[in-house]
Amino acid sequence: MGCFTFIKVMMILFNLAIFLSGGTLLGVGIWVRVDGESFVNIFGALSSSILQVVNVGYLFIVIGAILLVVGFLGCYGAQKESKCLLMMFFSVVLIIFIAEVAAAVLALVFTGLAETLLTGLVTPLLKEKYGQDKTFTDIWNITMTKVHCCGLNNYTDFNNSYFYRTHDSYPMQCCDMQDPCNDTLAAETKVEGCFKEILKEIRTNAGVAGGVAAGIAAVEIASMAVSMYLYCRLDEK
């Protein structure tokens, strides 16, 4: 019984930490949505991260909400010794684990498909929001300047965009900071897209990324094993 109690307490504390982390990320995500400009000013140095390719606010809100649910199910389920909540915790973590494995396979094996999917999601946003939405524009300007890239794929992502129609040129980053950045100059400078540059950075740091991914996977597997252990032991009580 002593082992069961110890594991139960560890399960509660571990998932309490997850719950609090989720609440923090959710709060940051809401802050980004409400006051994104101040967030960019404070954390602009992080713009080389892949997180800047997507909407950081929505990403944090989604991840925070998932962590809140997982933390609540694990913590409350262990505290109340609820088989239903423990099974739900196990199921949610298993779904997340499977999704991560699928995403890793997609990223490693089907990079071209991943680029196509991102192009379909991000390029329309660039055409619509860049130059019009200040927060979105600031994030991309910082990213393109720091990473030395242009758009998601290349300068053609800005064709027929709000920015091009308004300024009759591409962002300066597409021409090595030369202005005006027209079609000819952009084609000559051949500045790579941010997706390719970030992918190069990820491949350069593949060891670190793999270690982090392996650590996360180990924690998830351990969490599922502990929840199933508690679930099975409840029948013996």
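Quick note: residue numbers are just sequence positions, from 1.
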*Does a side chain donor of either Y155 or N182 reach within less than 3.5 Å of an acceptor in the other side chain?*
no
*Could you tell me which non-hydrogen atom of A217 sits nearest to which non-hydrogen atom of F97, and how far apart they are?*
CB-CE1, 3.9 Å
*asked:* For the residue pair D157 / Y130, report whether a side-chain donor-acceptor contact shorter than 3.5 Å exists.
replied: no
_Can you confirm whether F90 sits close enough to S227 that some side-chain heavy atom of one is under 4.5 Å from a side-chain heavy atom of the other?_
yes
*Does T137 use its side chain to pair, donor to acceptor, with the backbone of G131 at less than 3.5 Å?*
yes
*Residue pair C150 / F158, side-chain heavy-atom distance below 4.5 Å*: yes
_With a sphere of 6.0 Å drawn around CE of M88, does it hold more than 12 non-hydrogen atoms of other residues, nucleotides or ligands?_
no
*Dump the intermediate steps for side chain to side chain contact (heavy atoms under 4.5 Å, CB included) on V219 and F14, then the final yes or no.*
CA-CA 10 Å; V219 170; F14 175 72; 3.3 Å; yes
*asked:* Go through it in stages, so that I can follow the logic: the residues are M224 and L94, the test is side chain to side chain contact (heavy atoms under 4.5 Å, CB included), and I'd like the CA-CA distance, side-chain angles, deciding distance and then a yes or no.
replied: CA-CA 7 Å; M224 289 188 287; L94 179 61; 3.7 Å; yes
*asked:* A side-chain contact here means heavy atoms from C-beta on lying under 4.5 Å apart; do Q132 and T166 qualify?
replied: no
*Distance from I96 atom CD1 to L67 atom CG, nearest 0.5 Å?*
7.5 Å
*Let me see the working for N159 and K127 under side chain to side chain contact (heavy atoms under 4.5 Å, CB included), right down to the final yes or no.*
CA-CA 7 Å; N159 286 342; K127 292 181 182 298; 4.3 Å; yes
*Does the side chain of C194 come within less than 4.5 Å of W140's, by heavy atoms?*
yes
_Heavy-atom side-chain contact between L185 and Q178 under 4.5 Å_ = yes
*Does the side chain of E81 reach to within under 4.5 Å of the side chain of K8, using non-hydrogen atoms?*
yes
*Distance (rounded to the nearest 0.5 Å) between C75 SG and F89 CZ*: 10.0 Å
*Measuring from E220:CD to I98:CD1, what's the distance to the nearest 0.5 Å?*
10.5 Å
*Do Q173 and N141 come close enough that some side-chain heavy atom pair is under 4.5 Å?*
yes
*asked:* Would you compute the distance between atom CG of D133 and atom OH of Y162 and round it to the nearest 0.5 angstrom?
replied: 11.0 Å
*Quick check: does any side chain N or O of T189 sit under 3.5 Å from a backbone N or O of A186, one acting as donor and the other as acceptor?*
yes
*Distance in Å, H148 NE2 paired with T143 OG1, rounded so as to fall on 0.5 Å steps*: 14.5 Å
*Student check: side-chain heavy atoms of K196 and C149 closer than 4.5 Å*: no
*Tell me whether V92 is reachable from V62 by hopping between hydrophobic residues (I, L, V, M, F, W, Y) whose side-chain heavy atoms are closer than 4.5 Å.*
yes
*Would you say the side-chain atoms of Y76 and N15 include a donor-acceptor pair closer than 3.5 Å?*
no
*Could you state the interatomic distance from CE (M87) to CG (L73), rounded to the nearest 0.5 Å?*
12.5 Å
_Derivation and outcome, side chain to side chain contact (heavy atoms under 4.5 Å, CB included), residues L230 and I7_ = CA-CA 8 Å; L230 293 176; I7 292 178; 4.0 Å; yes
